[in-house]
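Because only heavy atoms are used, hydrogens play no part in the values below, and waters and symmetry mates are left out as well, while side chains stay in.
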Number of protein chains: 2
Amino acid sequence: MEAAAKPRQAAKGRGRRGTRASGDDRERAILETAEQLLEERPLSEISVDDLAKGAGISRPTFYFYFPSKDAVVLTIIDRLVAAAAGSRAEALTTLAQGDPQAGLRRALEDLYGAFRARRAVTLAAAELRMTNPEARDLWAEVMEGWVTDTTAVIEAERARGAAPPGEPARDVAIALVQMNERVQYASFAGESPALDQDRVLDVLVEIWLRAIYGAGAPS
Amino acid sequence: MEAAAKPRQAAKGRGRRGTRASGDDRERAILETAEQLLEERPLSEISVDDLAKGAGISRPTFYFYFPSKDAVVLTIIDRLVAAAAGSRAEALTTLAQGDPQAGLRRALEDLYGAFRARRAVTLAAAELRMTNPEARDLWAEVMEGWVTDTTAVIEAERARGAAPPGEPARDVAIALVQMNERVQYASFAGESPALDQDRVLDVLVEIWLRAIYGAGAPS
DNA sequence: GAACTCTATCAACACTGTGTCGAGTCCGTC
DNA sequence: GACGGACTCGACACAGTGTTGATAGAGTTC
């Protein structure tokens with residue numbers, strides 16, 4: 001009886017737990033504090049107490065608004081993801097009509113821009129993904145979206161004869177999308193072997209174009 | 001004088017802190033326990049107590065052998081890195097003489113094999129890299145090694161006219177190496193959009209060859 | 001305007017995990 | 001047989017998480 005008695009389920013149900021009222025300010029204050037602190041240091045070095053203090057409340061009161069630190073960050077990531085989804089929809093439109101190569105570049109540019117604009121959140125997402133299943137799932141969804149789109153583009157280009165055949169389109173898409181993720185992350189995080197922020201796009205675009213349009217290699 | 005009196009430096013100086021004696025067994029037991037537990041669950045869900053228990057000692061005794069949990073994992077990663085360095089040296093030899101394209105495939109194969117053989121450690125390394133500077137540096141060194149080698153190959157192939165010009169060789173090398181890392185990680189971790197373990201190599205090799213040897217794309 | 005309810009708040013607590021200290025035991029050697 | 005170093009662990013101090021229960025205040029509702 002003892003063990004099952006506790007309905008422990010931290011990080012379930014992202015937002016406030018009760019109904020809605022005036023304390024919206026507090027909730028916003030917590031989110032803003034989190035974003036601001038993430039600008040300064042990694043997620044692992046931010047405690048619930050830091051968030052509470054930043055929002056001008058006590059630690060227990062924090063738990064009135066969010067079930068955990070992770071939930072706060074997840075909420076923030078949700079927004080980033082929503083913004084990125086917007087970029088993706090837009091990019092798709094550009095791609096559908098007109099020159100696919102130029103469209104591809106536009107798409108990669110938008111995506112890169114969306115994440116660079118919220119660098120700190122992007123890095124926190126990567127960190128959270130390591131330990132939090134919800135973050136992992138959310139990110140997986142995002143990746144899946146891009147992979148699906150990219151697969152469609154590759155298949156279309158192959159079908160119309162603009163791109164040569166090769167490994168399955170979806171497999172290539174997965175590798176390219178993951179390359180972008182990693183390269184962008186390394187660049188944002190200032191890792192040691194990493195591309196300069198303003199070189200990222202040129203390099204990624206060249207590899208994408210060659211991977212999709214370039215024939216094998218007749219030495 | 002006081003401050004310097006304590007040679008306290010958690011996670012600094014990987015192995016035992018004292019001299020060497022019989023307790024080598026314990027040290028080995030801790031390392032083996034760690035490897036074994038990493039096979040079952042992520043690093044974040046393994047405590048110092050788990051390691052101590054697994055090695056048949058108490059928690060304080062653990063600290064006689066290692067300054068922290070991280071230090072244990074770092075030691076394990078060191079070994080993986082050493083093995084990978086071996087693969088790299090071998091791959092270089094293959095590359096230097098004979099067909100570079102076949103050599104490239106061999107190199108990627110060896111690398112992939114080295115990490116797949118120690119999947120759990122590879123995943124732990126990625127996890128630790130998020131929070132531990134030492135792990136970050138160690139990994140950075142490894143990456144730098146591959147980037148340097150790859151850069152040399154690309155430049156050589158361009159010089160001898162086998163590969164067309166393009167973005168700076170080092171930039172391309174960074175992107176490709178990071179792609180490999182991310183694709184392999186996703187595959188090992190069983191992420192949702194990820195390549196099947198036995199598709200990884202074919203896909204990576206195709207993209208490498210096209211990125212290096214494939215011309216742009218004259219639609 | 002007293003009783004009722006619902007939001008919001010926090011002190012105090014229980015728990016988990018880390019790292020340290022000090023008091024040992026055991027063992028070889030001088 | 002006592003000294004010193006390798007080795008061990010109980011007990012502690014600390015940091016962080018999440019919960020409980022008591023309470024204050026701001027509207028209703030009758």
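- Rounded to an integer number of Å, the gap from A:Phe64 CZ to D:dA24 P is 18 Å.
- Ion pairing between A:Asp49 and A:Lys69 fails under the 4.0 Å rule for side-chain N and carboxylate O.
- Counting distance only, with no hydrogens placed and no angle test, the side-chain atoms of A:Arg59 and the base atoms of D:dG18 include a donor-acceptor pair under 3.5 Å.
- Contacts of A:Ser47 with the nucleic acid, taken as non-hydrogen atoms under 4.0 Å apart, involve only primed sugar atoms and P, OP1 or OP2.
- B:Phe115 has its ring centre less than 6.0 Å from the ring centre of B:Trp146.
- Out of C:dA12, D:dA11, C:dG19, the shortest distance to the side chain of A:Pro60 is found at C:dA12.
- Within the 4.0 Å cut-off from OP1 or OP2 of D:dT8, not a single side-chain nitrogen or oxygen of B:Tyr63 is found.
- Going from atom CG of B:Leu51 over to atom P of D:dC9 covers 15 Å, rounded to whole Å.
- Between A:Asp24 atom CG and C:dA8 atom P the separation is 8 Å, expressed in whole Å.
- Using a cutoff of 4.0 Å between basic side-chain nitrogens and carboxylate oxygens, B:Arg199 and B:Asp202 are scored as salt-bridged.
- Note: OH (B:Tyr65) to C1' (C:dT18) measures 20 Å, nearest angstrom.
- Here the C1' atom of nucleotide C:dT25 and the CD1 atom of B:Ile57 are 16 Å apart, to the nearest Å.
- With rounding to whole Å, A:Phe62 atom CZ is found 14 Å from D:dG16 atom P.
- Rounded to an integer number of Å, the gap from A:Phe66 CZ to D:dT17 P is 15 Å.
- Side-chain N/O atoms of B:Thr61 include one lying less than 4.0 angstrom from OP1 or OP2 on D:dC9.
- One can place CG of A:Asn132 at 14 Å from P of D:dT17, the figure rounded to the nearest angstrom.
- For the pairing with A:Trp208, the side chain to side chain contact (heavy atoms under 4.5 Å, CB included) check across A:Ile154, A:Val153, A:Leu104 returns one residue only, A:Leu104.
- A:Glu109 places a side-chain heavy atom less than 4.5 Å from the side chain of A:Arg106.
- Taking every side-chain heavy atom of B:Lys69 into account, C:dT18 is the closest of D:dC7, C:dT18, C:dA8.
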